[in-house]
Amino acid sequence: MRNHSSVTTFILLGLTNDPQLEILAFIFLFLTYVFSVLGNLTIVVLILVDSHLKSAMYFFLQNFSFIELSFTTACVPTYLHTVLSGDKTISVKACFIQFFCIVLFGATDFFLLAVMSYDRYVAICKPLHYVTIMSRRVCRILIICCWVSGFLAILPPLVMTLNLEFCGSVINHYYCDASPLLKNSCSDTWIIEQLVVVSAVLIFITTLVGVVISYISIIRMILRLPSVQQRKKAFSTCSSHMIVVSISYSGGIFMYIKPSAKDEVDMNKVVSLLTVSVAPLLNPFIYTLRNKQVKQSFHDTLKRFALLSKNH
């Protein structure tokens, strides 16, 4: 951090210069953030307290909801505070912490999606051995591997970015993202830009290969099932995950697979809105609306709270 003496704070320009549009953006992000927190937190708590939701699938879903909750919390509250206070400045230290958290949660998210694909493969293709293969110990190891892989993938470009010298202080975004941050550097950022792209491509390709291999095996197994009813039941167990995978990969590709940090980031602002607010909002609903066990657990928990409140 020694090279940052010339710049002590950055200025976040936000989403738009239009005051009316900014109010609309604030309302939109505030509402999506509140419902994202409520939705993901509900899943985390339900799986924690309900003894019926203790399989590997729900353990991974709980961790996925936690990452989604953390990811949106790393981005949105900063912007909401900026709009409310009118203070668009953010310290260099806070900016790098936000940048680190966003990239770490984003990278870990993709590795976890690949692990969840493998979990669905075992559940559908090896149902008799599911409990043995996806034991609690194996699940914990897989979660640790996701976090470690995410951290190692982002470490090289992050360390190099920390050693940059910054002359500019204006970030054309509503949070500290890689491209608008690098535009403020006086140093040559070409190597870091390429490293960011390589890291992003490696994360996307390695995790996508895992997802594709798992789903090829799943589809082949489903097609072998004798009855239509069995096929529908098997497909329903992985359809929610397929929808979430599609949303996550499409948003990630638009945000991070790009040629240079010198490009305009206006398109990225729009895409990032979907990634940091809409996706974390939709994901818990996608999983719960298509999962009878989670819905039943939610209703049972509400009934227990209602009974407790009546007794008191």
Side-chain angles (χ1 to χ4, degrees), residues 10 12-16 21-44 63-84 88 90 94-113 146 150 153-154 157-158 171-182 196 199-200 203-204 207 243-258 261 263-287:
F10 290 119
L12 294 168
L13 292 185
L15 280 165
T16 175
L21 282 176
E22 193 171 57
I23 291 169
L24 288 174
F26 175 87
I27 294 168
F28 172 77
L29 280 170
F30 176 76
L31 291 174
T32 54
Y33 178 68
V34 168
F35 286 112
S36 296
V37 170
L38 289 173
N40 286 291
L41 202 58
T42 299
I43 289 178
V44 171
N63 280 274
F64 181 73
S65 292
F66 172 75
I67 292 173
E68 291 287 276
L69 177 62
S70 303
F71 182 68
T72 190
T73 299
C75 305
V76 179
T78 303
Y79 176 72
L80 298 179
H81 174 265
T82 298
V83 176
L84 281 177
K88 295 189 174 184
I90 183 172
C95 188
F96 273 101
I97 290 171
Q98 186 185 48
F99 172 57
F100 169 76
C101 290
I102 290 167
V103 182
L104 175 63
F105 294 139
T108 306
D109 207 18
F110 284 104
F111 286 109
L112 184 54
L113 284 171
C146 288
I154 69 165
L158 181 69
I171 294 178
N172 187 16
H173 216 306
Y174 61 99
Y175 62 83
C176 295
D177 195 19
S179 287
L181 186 61
L182 291 175
V196 168
S199 296
I203 292 168
F204 289 141
T207 56
I243 295 167
V244 171
V245 164
S246 302
I247 294 170
S248 299
Y249 277 93
S250 56
I253 287 167
F254 274 110
M255 281 183 70
Y256 292 107
I257 306 298
K258 52 187 179 294
D263 292 343
E264 290 299 320
V265 294
D266 290 339
M267 178 59 75
N268 282 357
K269 288 184 185 182
V270 177
V271 176
S272 70
L273 274 178
L274 302 176
T275 307
V276 306
S277 61
V278 178
L281 170 67
L282 291 178
N283 291 344
F285 291 103
I286 290 168
Y287 276 108

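Only this structure's heavy atoms are used, side chains among them; waters, hydrogens and symmetry mates stay out. Position 1 is the first residue of the sequence, and the numbers go up from there.
- Residues F26 and L80 form a side-chain contact, since some pair of their non-hydrogen atoms from C-beta on lies under 4.5 Å apart.
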Side-chain atoms of residues 99-111: list all donor-acceptor pairs with protein atoms under 3.5 Å, sequence neighbours left out, distances to 0.1 Å.
residue, atom, partner, partner atom, Å
T108, OG1, L104, O, 2.7

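- Minimum heavy-atom separation, I67 to L112: CD1-CD2, 3.7 Å.
- Among residues two or more places apart in sequence or in another chain, the side chain to side chain donor-acceptor pair (under 3.5 Å) test is passed with N283 by E68.
- With rounding to the nearest 0.5 angstrom, the CG atom of L113 is 5.0 Å from the CZ atom of F64.
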L273/L29 under side chain to side chain contact (heavy atoms under 4.5 Å, CB included): CA gap, chis, key distance, verdict | CA-CA 8 Å; L273 274 178; L29 280 170; 3.6 Å; yes
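- Scanning for side-chain contact (heavy atoms from CB on, under 4.5 Å) contacts around L24 gives L21, with sequence neighbours left out.
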Is there a side chain to side chain contact (heavy atoms under 4.5 Å, CB included) between N40 and T72 once you walk through the steps?
-> CA-CA 11 Å; N40 286 291; T72 190; 5.7 Å; no
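- Rounding to the nearest 0.5 Å places CG of L274 at 12.0 Å from OG of S248.
- The two atoms that bring T42 and L38 nearest to each other are OG1-O, 2.5 Å, heavy atoms only.
- In the displayed structure, F35 atom CZ is contacted under 6.0 Å by at most 12 heavy atoms of other residues, nucleotides or ligands.
- A distance of 6.0 Å separates CD1 of I203 from OG of S199, quoted to the nearest 0.5 Å.
- When side chains are defined from C-beta on, Y175 does not count as touching T78, because their heavy atoms never get closer than 4.5 Å.
- Applying the side chain to side chain donor-acceptor pair (under 3.5 Å) criterion to S70, with sequence neighbours excluded, gives no partner residue.
- Taking NE2 from H173 and CG from L12, the interatomic distance works out to 10.0 Å, rounded to the nearest 0.5 Å.
- Between the side chain of Q98 and the main chain of A74, a donor-acceptor pair closer than 3.5 Å is present.
- Here the shortest heavy-atom pairing between A153 and P157 reads O-CD, 4.0 Å.
- Contact annotation: the side chain of C176 approaches that of I90 to within less than 4.5 Å [non-hydrogen atoms, C-beta and beyond].
- Distance CG/L15 to OG/S272: 7.0 Å, rounded to 0.5 Å.
- A side chain to side chain donor-acceptor pair (under 3.5 Å) check over residues 27-39, counting only residues at least two apart or in different chains, returns the pairs Y33-T73.
- We find the OG1-OH distance between T16 and Y174 to be 13.0 Å, quoted to the nearest 0.5 Å.
- Considering only heavy atoms from C-beta on, E22 comes within 4.5 Å of Y79 through its side chain.
- Minimum heavy-atom separation, S277 to F28: OG-CE2, 3.8 Å.
- Judged as a side chain to side chain donor-acceptor pair (under 3.5 Å), and not counting sequence neighbours, the contacts of T207 are Y249.
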